[in-house]
Student: 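What follows is a structure written as structure tokens; I'll ask about it next.
In this text, all values refer to a predicted model and were calculated from it rather than measured experimentally.
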Amino acid sequence: VVAEAGVDGGNGGASVVMDTVTANDNYSIVTYDGFNSSSGYGIVADVYAYGGAAYLALNNIVANGNYDDNVFASTEASEDRGAGDATTILNDIQANGSIDADGIDAFASNYGPSGKALVQMTDVEANDNHGYGIDYAYAEAVGSQTMGFPPPSGDASAEVIPTRVTGNNNGDDGLWVWASSEGGAASVTLDGCTANNNAGGGDGAYVFISAGGTATASLDVKDSVFTGNDSYGIEIYAKGGSGQALNMGDSGGGRDPGNNSIFGNGNGAVNNAGSGTVTASGNWWGTTTPGAGLFNGSVDYTPWLNSDPNP
């Protein structure tokens with residue numbers, strides 16, 4: 001499915017909503033010049049709005065066992081004319097068992113000077129895929145530019161919100177999440193997510209956050225479980241014009257991260273690859289006496305919980 005608006009100039013938005021669709025076991029072999037090539041996606045949906053907002057919602061989708069990505073969802077907004085959000089919403093999705101690729105790729109790109117790029121996932125399964133469970137839960141706010149010149153400008157923000165998302169038993173990272181803004185804030189919130197037993201050197205969750213200008217790169221992680229992964233339970237790389245607010249535990253201010261269960265991962269619980277400090281109090285590390293060896297980079301993991309809040 002492809003929707004476009006403003007191709008020939010002017011402003012205007014484009015939207016697609018798909019409800020209650022099943023797309024399983026798509027697999028074809030194409031022979032060209034003596035060579036065989038395999039392919040087959042479950043759902044592919046692209047929305048382009050060259051002069052306004054782009055909106056895509058996928059609701060109640062079952063897309064399992066496809067050769068390529070089970071679900072590929074993308075929005076692009078603004079393209080230097082007008083202003084508008086790029087919004088990609090996934091609700092109640094099953095995307096399991098891709099034969100040769102990922103469970104879900106989801107993008108939102110805002111090329112305008114203001115507004116937001118948002119990827120929001122709720123009640124999503126992406127298990128047992130050959131590659132990533134969720135690859136590219138990716139929101140970027142590039143800012144206004146023409147053919148790359150002059151440099152991007154504006155304060156558009158980027159936000160990724162996975163809620164009750166599961167990425168287990170995949171061939172790479174369970175959840176791969178990226179929020180990036182050239183001139184505004186960037187944030188990721190993982191709420192009630194699970195990413196266990198992911199192989200291929202993968203993390204339970206890999207999170208990249210980059211904010212621009214004087215804005216902040218923000219992370220909240222709560223009520224989530226990352227266990228039995230080849231690499232880290234969660235790996236975080238954040239950078240921001242005015243710093244980072246990286247909360248996996250209660251840091252005050254009316255926010256309530258924490259109550260996460262992160263243990264039994266090959267390289268450790270948390271890898272903070274950025275320059276800020278991850279606040280990670282109030283979590284279960286699989287033991288009542290966790291040591292510093294479970295953590296890489298600047299991570300404040302004290303005080304911890306003495307029992308598993310997510311048994």
Student: Assess the residue pair Tyr41 and Tyr67 against the criterion (ring pair (Phe, Tyr, Trp, His ring centres under 6.0 Å)); give the C-alpha distance rounded to whole Å, side-chain angles, the decisive distance to 0.1 Å, and a yes or no.
Tutor: CA-CA 6 Å; Tyr41 289 84; Tyr67 187 85; 9.3 Å; no
Student: Using side-chain hydrogen bond (donor to acceptor under 3.5 Å, both in side chains) as the criterion, list what pairs up with Thr302, not counting sequence neighbours.
Tutor: Asp300
Student: Please examine the side chains of Asn259 and Leu305, heavy atoms only from C-beta on, and report whether any two atoms are closer than 4.5 Å.
Tutor: yes
Student: Describe, in one word, how the ring planes of Tyr301 and Phe295 are oriented to each other, choosing from parallel (under 30°), tilted (30 to 60°) and perpendicular (over 60°).
Tutor: parallel
Student: Using only heavy-atom distances, determine whether the side chains of Asn59 and Asn91 contain a donor-acceptor pair under 3.5 Å.
Tutor: yes
Student: Under a 4.5 Å side-chain heavy-atom rule over Ile, Leu, Val, Met, Phe, Trp and Tyr, are Met18 and Val47 clustered together?
Tutor: yes
Student: Whether the Asn66 and Asn26 side chains hold a donor-acceptor pair (N or O, under 3.5 Å, no angle test) is what I'd like checked.
Tutor: yes
Student: Would you please say whether a donor-acceptor pair under 3.5 Å links the side chains of Thr216 and Ser242?
Tutor: yes
Student: Check whether Val165 and Tyr132 end up in the same hydrophobic cluster, where Ile, Leu, Val, Met, Phe, Trp and Tyr are linked by side-chain heavy atoms less than 4.5 Å apart.
Tutor: no
Student: Could you check whether atom OH of Tyr136 has more than 12 heavy atoms from other residues, nucleotides or ligands sitting under 6.0 Å from it?
Tutor: no
Student: Which residue pairs satisfy the ring pair (Phe, Tyr, Trp, His ring centres under 6.0 Å) criterion with at least one member in residues 220-246, sequence neighbours excluded?
Tutor: Phe208-Tyr237
Student: Does the side chain of Asn169 come under 3.5 Å of the side chain of Asn196 through a donor N or O and an acceptor N or O?
Tutor: no
Student: Apply the test side-chain hydrogen bond (donor to acceptor under 3.5 Å, both in side chains) to residues Ser261 and Asn310: give CA-CA distance (whole Å), side-chain angles for both, the deciding distance (0.1 Å), then the verdict.
Tutor: CA-CA 7 Å; Ser261 303; Asn310 304 289; 2.9 Å; yes
Student: Quick one about Ser218 and Ser187 (side-chain donor to acceptor, distance below 3.5 Å, no hydrogens or angles considered), yes or no?
Tutor: no
Student: Is it the case that the side chains of Glu140 and Ser180 hold a donor-acceptor pair, with the cut-off being a distance below 3.5 Å and no angle test?
Tutor: no
Student: Charged N to carboxylate O under 4.0 angstrom, Arg164 versus Asp123?
Tutor: yes
Student: Regarding Ser231 and Asn267, do their side chains bring together a donor and an acceptor under 3.5 Å, going by distance alone?
Tutor: yes
Student: For Met121, run the side-chain contact (heavy atoms from CB on, under 4.5 Å) check against Ile161, Ile104, Thr163 and tell me which one passes.
Tutor: Ile104
Student: Would you say the side-chain atoms of Asn198 and Asn229 include a donor-acceptor pair closer than 3.5 Å?
Tutor: yes
Student: Trp178 vs Tyr138 aromatic rings, parallel, tilted or perpendicular, using cut-offs 30° and 60°?
Tutor: parallel
Student: Output the distance between atom CG (Asn197) and atom CG (Asn170), rounded to the nearest 0.5 Å.
Tutor: 10.0 Å
